[in-house]
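Only one structure is covered here, and it is reproduced in the block below.
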Amino acid sequence: MRASQKDFENAMNQVKLLKKDPGNEAKLKLYTLYKQATEGPCNMPKPGVFDLINKAKWDAWNALGSLPKETASLSSSLESSSQVEPGTDRKSTGYETLMVTSEDSITKIMLNRPTKKNALNVEMYHEIIHALKAASKDDSAITVLTGNGDYYSSGNDLTNFTDIPPGGVEEKAKNGAILLREFVGCFIDFPKPLIAMVNGPAVGISVTLLGLFDAVYASDRATFHTPFSHLGQSPEGCSSYTFPKIMSPAKAIEMLVFGKKLTAGEACAQGLVTEVFPDSTFQKEVWTRLKAFAKLPPNAMRISKEIIRNREKEKLHAVNAEECSVLQGRWLSDECMNAVVNFLSRKSKL
Ligand SMILES: CCCCCC/C=C/C(=O)SCCNC(=O)CCNC(=O)[C@H](O)C(C)(C)COP(=O)(O)OP(=O)(O)OC[C@H]1O[C@@H](n2cnc3c(N)ncnc32)[C@H](O)[C@@H]1OP(=O)(O)O
């Protein structure tokens, strides 16, 4: 397929958005291809020998000779897309905390704060809401959520509690509850099969939400931990309703109240995880399976999910509202504030 001028300009814009500098050589190559594509053969006067930067530009552009504009445009687009981080396409542009890609009828939303163990900061909550809304309308058949790096996610970013607005902690808690309710609501309402690829340990809200997914595939490195009582908090993500149904009330209490951490095998035995894979083959095996799922008739999958979920939707939204309201109160408690201060001053870790 021929790259259009628009594609070419997009590619040039993407270079500006790269997180990692592509290096001078690549940038010089792109510059000269750009000049050739827009102006044709080198038309700038040859710079003096001491004008090193312009000399390098001139040499590189001049070396393209009479390369046709169209060829330069195509090469430039290809050059720049190969510099983009693997698995990234144009759809991911604009996200700070996610990598969102679409391929083989699968939209992949990857949590992308690996140095913070993919903790969910306020921006990430908003971006996930946005990505889910976009995925629900795009032409993919299924959507996958996964994490970049060694963690799936360490749950809520505890520094979210530090940025206090003029209205004080009460306003902070109220805003948090509103955001959480909208965030969880998107998972309840998501219309297509939603699959979690749990690539490593999962904590807090990243675990509770799994009860709202349609399939959960886990690496055998993954663990599942909801230390809400340790944090002076209470369950969210509809887990107060989904977990007792999935794994029995007693097992749900062990996790949600006593903070028992499950291995992937244990989580699978409890029904929270659909299947566990050895970490060494996790990506390959799961993606093979997902690609096969994505070839199934999308409308049939959507309608089948709808008929299963619709029966529960009203209840799930009511549970979500109640959990958010209870949490709003917990965030103002001494128990919660002390736990957050302890983490932030590194007195405690899970
Ligand atoms: C709109 C609001 C909605 C709120 C919804 C309610 C949600 C509730 C929950 O999700 S409760 C769960 C909260 N999560 C935690 O309590 C986990 C806290 N983190 C840890 O205990 C540890 O970091 C760890 C066990 C996840 C990993 O330990 P380790 O392997 O030793 O790595 P580091 O601790 O050095 O972590 C690296 C780096 O990441 C930062 N980080 C990790 N997790 C979080 C987090 N949840 N919040 C904030 N920051 C986190 C950690 O501080 C390190 O940062 P640094 O390198 O020091 O700058």
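Counting from 1, the numbers follow the sequence of the chain as shown. Atoms within a ligand are numbered from 1 in the order they appear, just like the ligands themselves.
- Backbone and side-chain nitrogen or oxygen atoms of Gly155 are examined, and none is located within less than 3.5 angstrom of a nitrogen or oxygen of ligand 1.
- Near Tyr125, the atoms of ligand 1 lying under 4.0 angstrom from a non-hydrogen atom of the residue are 1 (C), 3 (C), 4 (C), 5 (C).
- Close approach of ligand 1 to Gly176 (heavy-atom distance below 4.0 Å) involves ligand atoms 1 (C).
- Checking only distances, Asn156 does come within under 3.5 Å of ligand 1, N or O to N or O.
- A continuous path of hydrophobic side-chain contacts links Phe187 to Met124 [ILVMFWY only; heavy atoms under 4.5 Å].
- Looking at Arg113, Lys116, His126, it is Lys116 that brings a heavy atom closest to atom 42 (C) of ligand 1.
- Atom CG of Asp279 sits about 6.0 Å away from atom CG of Asp220, to the nearest 0.5 Å.
- Close placement of the His130 and Tyr95 rings is indicated, their centers lying within 6.0 Å of each other.
- If you number the atoms of ligand 1 from 1 as listed, the ones under 4.0 Å from a heavy atom of Ala119 come out as 44 (C), 45 (C), 46 (N), 47 (N).
- In this comparison of Ser154, Gly237, Ser153, Gly204, the heavy atom closest to atom 14 (N) of ligand 1 sits on Ser154.
- Close approach to Thr115 involves these atoms of ligand 1, each under 4.0 Å from a residue heavy atom: 37 (C), 38 (C), 39 (O).
- Near Tyr151, the atoms of ligand 1 lying under 4.0 angstrom from a non-hydrogen atom of the residue are 24 (C), 25 (C), 26 (C), 27 (C).
- Hydrophobic clustering (side-chain heavy atoms under 4.5 Å, transitive across Ile, Leu, Val, Met, Phe, Trp, Tyr) groups Val273 together with Leu145.
- At a 4.0 Å heavy-atom cut-off, ligand 1 touches Trp331 through the side chain alone.
- At a threshold of 4.5 Å between non-hydrogen side-chain atoms, the residues Val198 and Val216 count as touching.
- Ion pairing of Asp138 with Lys192 is present here, as a side-chain N (NZ or NE/NH1/NH2) and a carboxylate O approach within less than 4.0 Å.
- Close N/O approach between Val203 and ligand 1 is not found [any backbone or side-chain N/O within under 3.5 Å].
- In this pair, Phe277 and Tyr217 present their aromatic rings perpendicular. The plane angle is above 60°, beyond the 30 to 60° band.
- Taking a 6.0 Å sphere around CD of Glu171, one finds it holds more than 12 heavy atoms contributed by other residues, nucleotides or ligands.
- Contact between Asn160 and ligand 1 is absent, with no heavy atom of the residue lying under 4.0 Å from the ligand.
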